[in-house]
Every structure is written in C-alpha cells, then in structure tokens.
Amino acid sequence: MAECPKVGVLYSYMRCDEKWIFAALDERKVDYDRLNDQSIIFNLDHKKRWQKYDVILIRSISYARGLYSARVLNSWGVPTVNTAAVAEVCGNKLTTDTVLFQAGVPQPRTMIAHTPESALNAIEKMGYPVVIKPPVGSWGRRLAKINDFDAAESILEYKSKSASNGNSVFYIQKYINKPGRDIRVFTIGGELVAAIYRKSSHWVTNTARGGEVEVCPVTPELTKICQDASRAVGGGVLGMDVIEHPERGYIINEINHTMEFHTTVPVTGVDIPNLIIDYVLAVGSENAE
C-alpha cells in the first residue's frame, strides 16, 4: 500500500466543513491540492495533469459541477469520493428511489407525473396530505405540503408555468406524520459513524431551515437499513435522511453524496472530517499500488 497518495479536494466555497477538512489534511501532512471548481478547466485532450492524483475528494456545492467533474475524472482513471455513479444516483431523488426500490430498501410512497392534470390525479389517488419536491435539490428548499384539492390545483398550475426545467416532472410523496423530527445518518465506506435527530415544530426539519440537533442512539435496525441503502447506491461517503414511520418503522427519505457535517461534529463528538480523510486515503492508496 502506498504511504502517501496524492490527493485533490474539489470544492466551491470555504465553508466550515471544508475548513475542517483542509485543517485535518494539513495536520496529518497529507500531500494534497485545493481545487476550486469555479476556476478549474478540464481539457479532454490533456488528462495527464489530473492523473497525478491518486484520488480526488469532491465537495462541490453544485450537483452538476460535482457530477460532471467526477464523470471526466473517472473516465481518465482517477478515483473520486464519491464516484460519478454514486453522485448520479444520489443527486436525483427519483433515481435514488428506483435504486432503493430494486434493493428492497423501505422508502416513502412516491408517484411521478408529467402534467398538472396527471399529477392532480396521482394526488387524489394517493390521498392528502402529500409533499411535492423537485427531483434535484437540497437543504429542504422548494418543497410544498399540499393538504387539499384547491391547494394542489394552485401549486401544480404554478409549477407548470415555472421556467425551471425540473418542473416538467412532478415528484409526489405521501406526507408522513413524523414525531417532530427526522434522523440524519452518516455512513463512510458502508459503516454508520454518526446519527443525529433534527427536531422542529415545522414539518421540514432540515438544519438549513432551523431544525435543532441532538444525538440519536444507533440501533441495530437503524444500522441495517443505512448499510443496505449504502450498498444499494454504491457506497462511499454519504448522509442519509431517515424517517420514523408510525407503522413501517425506519424508512430512507433521501441520500446526500456531498453531505454537510458542521452541526453534527460538535453535538456527537465524532471526528467526521478525519474519518472522511481516512476513507479518501484508503481509496487513493489502492489506486497508487
């Protein structure tokens, strides 16, 4: 195994998470470069510059930037964390759903429609309340909880007139009456390393929307469903949103392939930045052999 793989970190902005990662890399004296995705250029005819890296950790905020960068790098034989295949699955809620469904991993009841009329018909069949989400998105943004026919008709009409390309697809989930919280689980290399409750009086519990955080006990049941989900999407470094369904138990709501952890580390005491680096170095060492 190579002692010191060459590492790249592709990032967009210096958030708290990236500061911790860079600080840990510096402290461990890892040979690495900071690669800002706002200035890099991939020339498809010149891959040697990038093949000096044994692994590149992708921390792009933009789903498209991270995915396309990983796709190019992987095509050149440069490993990335996470891989383009994992990013492609996790970056789109519908793609995630189809993969989890094939693997038998429990998830919310979901329907897809392409017109306001068919979406309204789907909602009526599913029963109120429902939640409409964009297939691609994060931080709990652009969600709509729909409680009745009038609200459904109005919101569907608005979304159909929107200029966003994503609104040509209506992604509809059955609303789940959560116990005032959901669970964010962190898995690295298929192992559950930390879990937190995100609590809020609002139905959206994301910390980006004001959700409060506390430690969540890790149970065998929680571990199993998250490990199953990790295997289904291809593994790597993942953040999973888990819902406690009143009848079905744990179900996977979403999986994030470039998760944030700045609220989790202080609460749990788990050194997620160094655990990520451990995994990145292991991947890089395999490539450098």
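Positions are given from 1 along the sequence. For the numbers below, each heavy atom of this structure counts, side chains included, while hydrogens, waters and symmetry mates do not.
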Does Asp241 use its side chain to pair, donor to acceptor, with the backbone of Glu254 at less than 3.5 Å? no
If you measure from CD1 on Ile172 to CG on Leu156, what distance do you get to the nearest 0.5 Å? 6.5 Å
I'd like to know if the side chain of Thr80 and the backbone of Asn82 have a donor-acceptor N/O pair within less than 3.5 Å. yes
Donor-acceptor pair, side chain of Thr95 and main chain of Lys93, under 3.5 angstrom: no
Spell out, as yes or no, whether a donor-acceptor pair under 3.5 Å connects the side chain of Ser154 to the backbone of Ala151. no
Are the side chain of Ser230 and the backbone N or O of Cys226 linked by a donor-acceptor pair below 3.5 Å? no
I'd like to know if Asp31 and Lys52 make a salt bridge, using a cut-off of under 4.0 Å between side-chain N and carboxylate O. no
Can you check whether Ala282's main-chain N or O pairs, donor with acceptor, with Ser285's side chain at less than 3.5 Å? no
Donor + acceptor pair across side chains of Asn253, Lys133 (<3.5 Å): yes
Presence of salt bridge, Asp54 and Lys6, under 4.0 angstrom: no
Arg59 charged N/C atom sitting above Tyr11 aromatic ring, 6.0 Å / 45°: no
To the nearest 0.5 Å, what is the distance between CD (Glu214) and OG1 (Thr268)? 12.5 Å
Have a look at Ser60 and tell me which of Thr258, Asn36, Asp37 forms a side chain to side chain donor-acceptor pair (under 3.5 Å) with it. Asp37
Arg34 and Asp26 ion-paired at < 4.0 Å: yes
Minimum heavy-atom separation for Tyr250 and Leu222, please, with both atom names. CE1-N, 3.6 Å
